[in-house]
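Here is the structure we will look at, set down as structure tokens.
A note on names: the letters A, B, ... follow the listed sequences, proteins ahead of strands, and every chain is numbered from 1. The figures here come from the full heavy-atom set of this structure, side chains too, leaving out hydrogens, waters and symmetry mates.
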2 protein chains.
Amino acid sequence: MTEGRAPRADAVRNRKKILTAAREQVTAHGPDVGMDEIAAAAGVAVGTLYRHFPTKTDLVAAVVEEFVAQVADDAEAACARVASGARAWDEITGFLTRLTEEVATNHAVKAATQTLGAVPDDKADEDRAGAALTTLIQAAQSDGDLHPDVSVADIYLLFATAPTERPPAARARWLTLVLFGLTPRGRTGGAAL
Amino acid sequence: MTEGRAPRADAVRNRKKILTAAREQVTAHGPDVGMDEIAAAAGVAVGTLYRHFPTKTDLVAAVVEEFVAQVADDAEAACARVASGARAWDEITGFLTRLTEEVATNHAVKAATQTLGAVPDDKADEDRAGAALTTLIQAAQSDGDLHPDVSVADIYLLFATAPTERPPAARARWLTLVLFGLTPRGRTGGAAL
DNA sequence: GATCATCATGAACCACGGTTCATTTTTTGG
DNA sequence: CCAAAAAATGAACCGTGGTTCATGATGATC
């Protein structure tokens, strides 16, 4: 019923080439690359792209989802290290540092963060990332290293707005500001947080 | 030499209408509104836009500069209140709250913040805003309410990334996070900040 | 290796948006 | 009022970029 026939060999080969090329091009030039350029990078004609992906949006979405998976892997790895005795706060800062770098460098990831908190697409990878992050957050909070009512949504909110097109120094500074805030350490802060 | 002839009456009238319409349209729909729409809103033909502004970029820049001036006014007003005895920290949070709101609501201001720290255009209004902010920052730092090495560039950096297209609650939360950071109040933070 | 479904090709199509310019209208100054 | 200059008009131009489709090639099956 769902099985018409086995897909042709060159079809699967091309599909891989397309995904690879799309990944590279979207990473390098953002989601606004032309279909022509992706096709050229894949060594394939434009029409072939449309055979595999009905629309450009679908192709880009496929690429973006790959990076969501990658971020989820990263978060889970950090989680595992915490389970092995690593300090949760260090893993969180490490994860956020890498994420900041990715968002700044990789235009596809930038696009991914925009959708992270908000889209109704049920993505397994997004759930994985959320679960891992939750664990990390709770561990760091138990250690007293992270403010008690910081949530996963907060992390998404902040990193949906991480800086792009800025020099590395600015990225590092941004992360520091976000981690420690504008108020001095000693001051007992506002009521909300 | 620089005086050819007095400009025609309808010309100045149209110029005003164009700037007003452009302000409204860019505010409402962002810098990506079509020239057609701006022209329609102004009750004028497209060609007229190009008589007054050689390119779309110039028109949008004019609008954006208006908002930079507005932000500068706001900062200076806050500054004046501090001079009259208001607490600097309260004025800073007030200013930043209003700015967050503007960035989220007003697409033109969003565009403005992107250029604030980075463009080589020598704008008097930008200098005004910078000077006022510097004063505010130093006052708050003297009171011990603001971390000692926060600079104007930091504020620009953060607000270049203020959230757009998010519900008001998210905007408020974002500001709280930025003000107080992710680490708990008691903890003596990282070396850098 | 013949047949056929599947797939690839790429020129052409189309919508969109910034820009131009020949023509017409309006204002100005005498 | 009447030219002449200045300004307004808007249809047309043009580049860009996503999408389609008639045609030709290729892999799978018997």
Side-chain angles (χ1 to χ4, degrees), chain A residues 1-65 107-108 110-111 114-115, chain B residues 1-64 107-108 111 114-115:
Chain A
M1 181 185 179
T2 61
E3 194 54 54
R5 192 157 306 190
R8 247 168 60 171
D10 58 346
V12 300
R13 203 184 323 133
N14 278 333
R15 184 165 234 279
K16 271 178 198 157
K17 290 201 294 182
I18 289 171
L19 274 172
T20 302
R23 197 181 310 131
E24 290 171 358
Q25 295 298 311
V26 174
T27 296
H29 310 124
D32 291 338
V33 256
M35 290 295 260
D36 300 352
E37 301 186 52
I38 297 178
V44 148
V46 250
T48 307
L49 299 190
Y50 285 92
R51 170 163 289 275
H52 291 274
F53 300 91
T55 187
K56 180 183 177 176
T57 306
D58 294 304
L59 176 53
V60 172
V63 169
V64 164
E65 256 190 84
H107 288 125
K110 177 66 178 177
Q114 307 292 8
T115 74
Chain B
M1 181 185 181
T2 61
E3 193 55 57
R5 190 157 308 187
R8 243 168 66 171
D10 57 347
V12 300
R13 204 184 322 135
N14 279 334
R15 186 167 233 278
K16 271 179 198 157
K17 290 202 293 182
I18 289 171
L19 274 173
T20 303
R23 196 181 309 133
E24 289 173 357
Q25 295 298 309
V26 174
T27 296
H29 311 125
D32 291 338
V33 256
M35 289 295 261
D36 299 353
E37 302 186 51
I38 298 178
V44 149
V46 251
T48 307
L49 299 190
Y50 285 92
R51 170 163 289 274
H52 291 274
F53 299 92
T55 186
K56 180 184 177 177
T57 306
D58 293 306
L59 176 53
V60 173
V63 169
V64 165
H107 287 126
Q114 307 293 7
T115 74

Whole angstrom value for the distance that separates [atom2] of [N] from [atom1] of [X]:
X: B:Arg15; N: D:dA8; atom1: CZ; atom2: C1'; result: 15 Å
X: B:Asp58; N: C:dG18; atom1: CG; atom2: C1'; result: 13 Å
X: A:Ile38; N: D:dT19; atom1: CD1; atom2: C1'; result: 14 Å
X: B:Phe53; N: C:dT19; atom1: CZ; atom2: C1'; result: 16 Å
X: A:Glu37; N: D:dT16; atom1: CD; atom2: P; result: 11 Å
X: A:Leu49; N: D:dT20; atom1: CG; atom2: C1'; result: 13 Å
X: B:Tyr50; N: C:dC21; atom1: OH; atom2: P; result: 13 Å
X: B:Arg51; N: C:dT19; atom1: CZ; atom2: C1'; result: 15 Å

Nearest atoms (heavy-atom pairs only) where A:Phe53 meets A:Leu19: CZ-CD2, 4.0 Å

At what distance, to the nearest 0.5 angstrom, does [atom1] of [X] lie from [atom2] of [Y]?
X: B:His107; Y: B:Thr27; atom1: NE2; atom2: OG1; answer: 9.5 Å
X: A:Lys17; Y: A:Asp10; atom1: NZ; atom2: CG; answer: 9.5 Å
X: A:His29; Y: A:Glu24; atom1: NE2; atom2: CD; answer: 10.5 Å

Side chain of [X] - closest among [options]:
X: A:Arg13; options: C:dT9, D:dG27, D:dT19; result: D:dG27
X: A:Lys56; options: C:dA8, D:dT19, C:dT19; result: D:dT19
X: B:Met35; options: C:dC7, C:dT19, D:dT20; result: C:dT19
X: A:Thr48; options: C:dT27, D:dT20, C:dA8; result: C:dA8
X: B:Ala9; options: C:dT9, D:dA8, C:dT27; result: C:dT27
X: B:Val46; options: C:dT19, C:dT9, C:dG10; result: C:dT19
X: B:Asp10; options: D:dA8, D:dG18, C:dG10; result: D:dA8
X: B:Ala11; options: C:dT27, C:dT19, D:dA7; result: D:dA7

Indicate, with a heavy-atom threshold strictly under 4.0 Å, whether [X] touches base, sugar-phosphate, or nothing.
X: B:Asp36; answer: nothing
X: A:Val12; answer: nothing
X: A:Gly34; answer: sugar-phosphate

Quiz item: B:Arg8 side-chain donor-acceptor pair to D:dA7 base, under 3.5 Å: no

Between [X] and [N], is there a contact of a side-chain N or O with OP1 or OP2 at under 4.0 Å?
X: A:Asn14; N: C:dC7; value: no
X: B:His52; N: D:dA7; value: no
X: A:Thr55; N: D:dT19; value: yes

Along DNA chain C (nearest heavy atom to each residue), the more 5'-positioned of B:Asp32 and A:Gly47: A:Gly47

Donor-acceptor pair, side chain of A:Lys56 and main chain of A:Pro31, under 3.5 angstrom: yes

Donor-acceptor contact present, side-chain B:Thr48 to main-chain B:Val44, <3.5 Å: no

